[in-house]
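To start, the structure itself, in structure tokens.
Lettering follows sequence order; numbering is per chain, from 1.
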Amino acid sequence: MAMAVRVFLLLFILFSSSTTPSFSLYEDQVGLMDWYQQYIGKVKQAVFHTQKAGRKRVVVSTEENVVASLDLRHGEIFWRHVLGSNDAIDGLDIALGKYVITLSSEGSVIRAWNLPDGQMIWESFLQGSKPSKSLLSVPANVKVDKNNLILVFSKGVLHAISGLDGEVVWEKDFAAESIEVQQIIQPSGSDVIYAIGSVGSSQFDAYEINARNGEFLKKNGAVFPSGFSGEMLLVSDDLVVALDATKSSLVNINFKDGIKFQQTDLSDLEGGSSGTAKLLPLKLKEIFAVEINAFVVFISVTGQGKLEVVDKLSNTVVVSDQLLLLEGQQAVALVHHGDGKIYLTVKLVNDWSNDLLKESTVIDHQRGFVHRVFINNYIRTDRSHGFRALVVMEDHSLLLLQQGEIVWSREDGLASIVSVATSELPVERDGVSVAKVEENLFEWLKGHLLKLKGTLMLASPEDVVAIQGMRLKSSEKSKMTRDHNGFRKLLIVLTRAGKLFALHTGDGRVVWSLLLPSLCNSACTNPTGLSIYQWQVPHHHALDENPSVLIVGRCGQSSDAPGVLSFVDTYTGKEINSLSLAHSIVQVIPLPYTDSTEQHLHLLIDVDQHAYLYPRTAEAISIFQREFSNVYWYSVDANSGTIKGHALKGNCASAREVLDEYCFDSRDVWSVVFPSDTEKIIATVTRKSNEVVHTQAKVIADHDVMYKYISKNLLFVATVVPKASGEIGTATPEEAWLVVYLIDTITGRILHRMTHHGSQGPVHAVFSENWVVYHYFNLRAHRYETSVIEIYDQSRAAANNDLWKLILGKHNLTSPISLYSRTEVVVKSQSYFFTHTVKAISVTSTAKGITSKQLLIGTLGDQVLALDKRFLNPRRTVNPTQAEREEGIIPLTDSLPIIPQSYVTHALRVEGLRDIVTVPAKLESTTLVFAYGVDLFYTRIAPSRTYDSLTEDFSYALLLLTIVALVAAIFITWVLSEKKDLRDKWR
Amino acid sequence: MGVCVFQWSVFFLALLAAASSSLAFQSDELLVDDDEFGLEGGVQRKPPEVAHTRSPPAATSTRKRFSDPDPDSKIQFQLEHAFGDSDFSPAGTFTARLKTSNHGGQTLTKLRFSRNAFTSEEKDKFSNLLKADDFYRIRLPSNVLNSPGRDFVISSVKARCLPRDGLDEHVVIHTDGVNILAVNYGAPGSCPYRRQLKLPSKWSFNSHTVLKNSEQAPRAPIFTEEILGGGEDGEGEVAKPPEKSLWAKYWMYLIPLGFIIMNAITQAMNMPEEQAAGQGQAQQPTAVQRGGPPSAVRRR
């Protein structure tokens with residue numbers, strides 16, 4: 001009896017403590033299967049804030065329009081603000097010792113941020129009429145008095161802004177003066193501001209302005225007959241340097257008391273060599289640098305305006321702005337790069353021959369060359385000057401160098417991801433050492449003991465912390481081998497700098513990185529990486545062959561620049577091969593064929609619509625010839641409003657003497673021409689080529705079957721009236737409409753065409769299976785709207801409705817489909833209001849396509865919202881019948897629900913969100929989601945919950961205990977009943 | 001619930017009434033008169049109702065040209081064809097009426113098509129196409145008023161798809177006012193892959209032509225009063241995970257628990273009996289009473 005009661009009690013406790021099944025994320029589950037990384041992008045400007053500050057920091061502005069304050073000791077972000085994508089930062093400085101001032105949007109917005117915490121203090125919008133250079137000048141003195149004005153020159157107007165509240169104290173419009181202002185100078189301690197610049201090419205003007213009220217004091221002007229070209233550099237308070245029109249001689253201009261020109265021939269100065277020169281835009285005093293003939297020449301200005309060459313270095317040197325030391329001396333840092341090291345030299349401006357500091361730092365050669373350097377000084381323990389340098393590398397990473405070492409580094413190239421691909425990890429091999437297993441076993445046991453304690457609520461607070469820590473860094477998820485569920489993968493990302501990173505999906509760490517040598521070699525000027533494609537994905541030889549990816553790039557910005565191909569092993573991160581192509585690349589078509597080594601065939605299309613086959617092997621060509629007549633592609637020309645279909649014709653009929661058997665001519669098969677006055681293409685979307693569709697038919701409520709029209713060759717096109725292609729609000733509802741098309745890209749057949757009156761872009765769309773979901777703005781309703789189009793195949797429905805045929809296997813579901821047959825499609829469509837502004841739309845994808853889909857919507861707040869596709873079902877009605885309800889049709893509502901719990905990014909913000917990539921895991925229920933922008937976010941989601949596996953926090957211990965308890969109970973009751981039987985028998 | 005249903009139906013009716021025009025909308029495809037070509041294109045026929053096309057502000061020049069008192073005017077444009085990569089040559093003429101609607105928009109109606117017969121040279125070319133399984137291409141001007149407009153719209157089909165008894169063709173012209181956006185050319189029926197070589201028995205064309213305009217998109221449903229009540233209600237409903245019963249959730253625990261409880265009860269019932277058996281007879285009458293019936297059963 002007592003035993004039974006005890007067993008019962010134990011079970012009762014277990015039962016009551018057992019966790020309820022959880023479907024959404026709990027607070028303590030954050031970080032278990034997701035990770036989040038914050039970046040800032042390539043640093044443009046940096047201002048140090050180290051004097052008398054408890055926390056030494058550096059404030060930076062970047063090319064991703066981020067202004068951030070970084071911890072100078074560890075490189076962590078104190079605070080960060082991502083300005084909009086069209087709000088580029090032009091100027092950055094610190095005012096009053098406590099405000100960070102940023103000038104952005106071509107000088108039209110000036111903001112002040114609180115230095116310690118990044119709160120915005122004030123913001124001013126500056127008006128101006130004509131575009132011009134934007135200059136920000138913040139007086140260096142820290143005194144807070146009325147004179148402490150921030151001078152901003154933007155859009156042809158000089159503004160004086162109060163540093164305290166951002167009020168415009170006075171402004172002076174230069175728009176009428178036709179002067180192109182180059183510099184704004186306020187000599188320290190004086191009340192006069194000089195605005196200097198050129199009028200036309202040869203007139204030099206200097207305006208004197210009263211700093212207190214913006215009054216005009218004086219205007220000096222003089223004509224320099226040879227003319228100027230380009231920038232003017234300020235060398236001292238009363239001297240600017242410019243190049244003359246021929247770029248062969250230097251002109252120094254003294255503008256203080258009347259304008260005096262002094263011309264010096266560069267060849268006289270530098271000796272012999274001549275060539276076109278370029279002034280380096282550095283903020284130096286009493287010295288300036290000229291780039292000429294692959295050299296950087298430093299020229300100092302002596303008292304009487306005489307120029308003197310101080311140094312001559314190769315042009316690989318990177319020079320920092322000058323730094324004012326305490327004793328009034330000026331220091332400059334020079335950085336060289338050579339044999340895997342970078343050399344940092346700090347020199348005094350007035351004493352050039354001596355080096356204040358000379359250090360070398362070993363650097364990873366995957367970081368490339370130094371692009372920018374910023375220096376800062378500190379007082380060493382021995383009272384001498386120490387220097388630290390913030391270095392921006394070619395791969396956009398940021399390093400802090402001090403005492404010849406890298407104090408910290410940030411991989412900020414990851415803020416500008418261009419393309420993403422995934423790669424499987426190596427298959428786990430046998431033969432793990434025994435010691436490791438034993439250690440693992442012990443750890444495993446310990447871990448499980450702790451977990452058991454946790455489950456039985458016996459754990460102490462320390463144990464709870466330990467359990468949480470274990471869950472977070474469980475070695476299982478960051479292993480470098482393939483796992484059973486397919487959660488562990490490598491994300492191969494290409495950044496704008498041309499660097500390739502492999503990120504582990506388990507914890508987001510960089511497994512390897514590669515600055516693509518083929519993109520960065522000298523033969524290719526201005527290289528740009530375009531995208532990544534799967535090149536070789538071994539299945540049969542998964543154990544002894546490594547997968548590889550193809551990186552397509554081009555030399556130069558224009559689309560007719562020659563292309564570059566690079567093949568990279570995804571396990572080792574080494575470049576296997578690279579090709580510099582003679583032709584350009586405008587389109588890459590991965591063909592659905594592989595050769596015997598499992599390399600994917602790719603067709604590259606150049607500007608002249610020639611097609612080139614890669615890999616260039618005889619085998620590839622033989623495979624390709626078989627399917628030659630079945631290869632079609634299309635091209636969209638948004639400028640001329642045409643979409644064309646192409647097919648292959650035969651080998652290139654080139655003028656070249658050598659016949660290139662991998663090159664093919666194409667011909668136009670069809671074309672669609674949109675009327676240029678009423679339609680402008682703003683979005684084109686196709687299905688993902690690797691998407692899997694599980695069921696082709698859909699059984700609807702009345703037991704009828706609808707066949708999905710599933711074709712990979714469907715193109716969704718959205719056009720708007722050119723007048724309404726601007727921002728929302730620029731067109732009235734009457735003159736704006738949006739037309740959407742579904743076009744078959746093989747035959748050019750328009751399957752569906754539909755007009756949304758009173759609507760306009762931007763259009764974001766996603767195409768999957770047989771449906772398209774797109775998002776646009778409805779001007780009549782003043783709201784965003786989302787529509788869905790589903791396409792069903794009517795002709796197949798007629799052919800396949802004979803059940804007997806299906807049973808006997810005589811259906812034509814597997815027979816090849818020719819798109820030249822006339823298809824009869826039925827299109828269903830429905831629209832809903834959706835309150836969010838959308839940045840990107842994506843859809844979940846799973847291994848077999850069985851799991852229901854969720855839309856992943858990147859909102860304006862840089863979050864990712866998961867929305868069930870069920871809400872976007874054109875068969876929704878206001879009052880669905882019982883049968884329809886059973887099928888899962890939700891009653892029709894006019895807007896789509898936004899459920900706060902369904903944010904995939906929970907509390908995080910993926911700043912500057914650009915795209916959302918979904919990758920199927922091996923486990924059918926699960927999709928891996930990678931959202932990127934300035935930040936990176938990765939998680940995995942299960943749209944229909946993990947119906948095919950137990951949840952992460954499933955208590956195995958509890959299950960085990962229950963079983964043990966049950967066995968024990970059975971045993972005990974068996975013994976008891978035996979005893980009883982015996983007793984009965986004795987009776 | 002009854003009220004709710006009532007409301008729903010009322011709103012549904014209201015919606016129907018409001019959106020009936022767009023719901024009742026049918027594709028305004030226009031078929032060429034069958035009597036002229038004697039075709040079997042009846043499948044596609046729809047009542048030629050008022051076209052629901054939107055009326056874009058036509059270019060001023062074109063409007064000027066057609067500002068004559070006659071609202072309808074006849075226009076012609078040519079269909080051209082090419083064999084494989086050959087140059088385009090005239091193959092037929094479309095005639096249509098240009099209808100000017102009240103607010104200045106123009107639409108094409110009453111399309112008629114007269115196809116030129118193949119010349120012997122063209123027959124040869126076409127036979128060659130059939131042998132090579134090559135493309136037969138056609139094109140139309142992208143603007144019917146000032147031909148060829150900006151460009152031609154091209155369409156093509158594998159030549160082997162066309163021959164039946166004669167040559168069957170199906171032309172769908174997508175228009176937007178006076179602009180032709182696209183032309184879709186192909187066989188009226190199926191054209192299965194692995195196209196067989198088949199020469200037509202007679203070299204005459206059976207032509208179907210269809211004119212297509214843009215459809216109106218369905219409006220987003222607007223529930224004016226219901227936004228507060230019904231909308232949120234629906235949302236709340238779907239936000240909830242489907243409720244499972246206690247039994248469905250915990251059956252794996254409940255069953256063993258049930259067993260154990262049963263067992264415990266039997267044990268508890270047997271225990272006094274044991275005691276009774278062990279200690280001679282029971283001192284507690286209640287226990288005897290309780291243990292009575294089962295023991296009676298056993299002693300049977």
Exercise for review: Would you check if A:Val669 and B:Arg137 make a side-chain contact, meaning some heavy-atom pair closer than 4.5 Å?
Suggested key: no
Review point. Do the non-hydrogen side-chain atoms of B:His174 and A:Tyr741 ever get within less than 4.5 Å of each other?
Key: no
Check your understanding: Under a 4.5 Å cut-off applied to non-hydrogen side-chain atoms, are B:Lys212 and A:Ile750 in contact?
Key -> no
Exercise for review: Supply the atom-to-atom distance B:Ser214 OG to A:His752 NE2, rounded to the nearest 0.5 angstrom.
Suggested key: 8.0 Å
Practice item. Inspect the contact between A:Asp668 and B:Arg139 and indicate whether a charged nitrogen and a carboxylate oxygen are less than 4.0 angstrom apart. Key: no
Study note, to complete from the structure: So, the part of B:Asp134 with a heavy atom under 4.5 Å from chain A: the answer is side chain
Exercise for review: Verify side-chain contact (heavy atoms from CB on, under 4.5 Å) between A:Arg667 and B:Asp85, making sure each step is shown before the conclusion.
Suggested key: CA-CA 8 Å; A:Arg667 59 173 154 210; B:Asp85 295 320; 2.7 Å; yes
Exercise for review: With sequence neighbours left out, write down each residue that passes side-chain hydrogen bond (donor to acceptor under 3.5 Å, both in side chains) with A:Asn630, or none if nothing qualifies.
Suggested key: A:Glu627, B:Tyr193
Review point. Checking A:Arg749 against chain B: side chain, backbone, both or neither under 4.5 Å from a heavy atom?
Key: both
Review point. Most heavy-atom pairs under 4.5 angstrom with chain B, which of A:Gln830, A:Lys649, A:Lys644?
Key: A:Lys649
Revision key, fill the gap. Taken to the nearest 0.5 Å, the spacing of B:Asn263 CG from A:Ile972 CD1 works out to 9.5 Å
Exercise for review: Under the side-chain contact (heavy atoms from CB on, under 4.5 Å) rule, what do B:Asn184 and A:Thr747 come out as? Steps first, then yes or no, please.
Suggested key: CA-CA 8 Å; B:Asn184 301 149; A:Thr747 59; over 6 Å; no
Exercise for review: Please flag which part of A:Ser629 lies under 4.5 Å from any non-hydrogen atom of chain B: side chain, backbone, both or neither.
Suggested key: both
Check your understanding: After noting the C-alpha distance and the side-chain angles of A:Ser671 and B:Asp151, does the key distance pass the side-chain contact (heavy atoms from CB on, under 4.5 Å) rule?
Key -> CA-CA 9 Å; A:Ser671 66; B:Asp151 206 349; 5.8 Å; no
Check your understanding: Within a strict 4.5 Å, meaning less than it, do heavy atoms of the B:Pro218 and A:Met754 side chains meet?
Key -> yes
Revision key, fill the gap. Counting heavy-atom pairs under 4.5 Å with chain B, the top scorer among A:His756, A:Lys979, A:Glu785 is A:His756
Point to revise | Proximity breakdown for B:Ile138 and chain A, heavy-atom pairs closer than 4.5 Å | key: neither
Check your understanding: At a heavy-atom separation under 4.5 Å, does A:Ala647 approach chain B through its side chain, its backbone, both, or neither?
Key -> side chain
Point to revise | Which residues share a side chain to side chain contact (heavy atoms under 4.5 Å, CB included) with A:Ile970, sequence neighbours left out | key: none
Check your understanding: Is there a side-chain contact between A:Thr973 and B:Ile260, using heavy atoms and a 4.5 Å cut-off?
Key -> no
Review point. For A:Phe628, does the CZ atom have more than 12 heavy-atom neighbours from other residues, nucleotides or ligands under 6.0 Å away?
Key: yes
Check your understanding: Does CG in B:Asp87 sit with more than 12 non-hydrogen atoms of other residues, nucleotides or ligands closer than 6.0 Å?
Key -> no
**Study point:** Considering all heavy atoms, the nearest A:Thr962-B:Tyr253 contact
**Key:** OG1-CE2, 4.5 Å
Point to revise | Flag side-chain contact, heavy atom, 4.5 Å: B:Asp176 against A:Arg753 | key: yes
Practice item. Answer whether the closest heavy-atom distance between the side chains of B:Gln267 and A:Leu976 falls below 4.5 Å. Key: yes
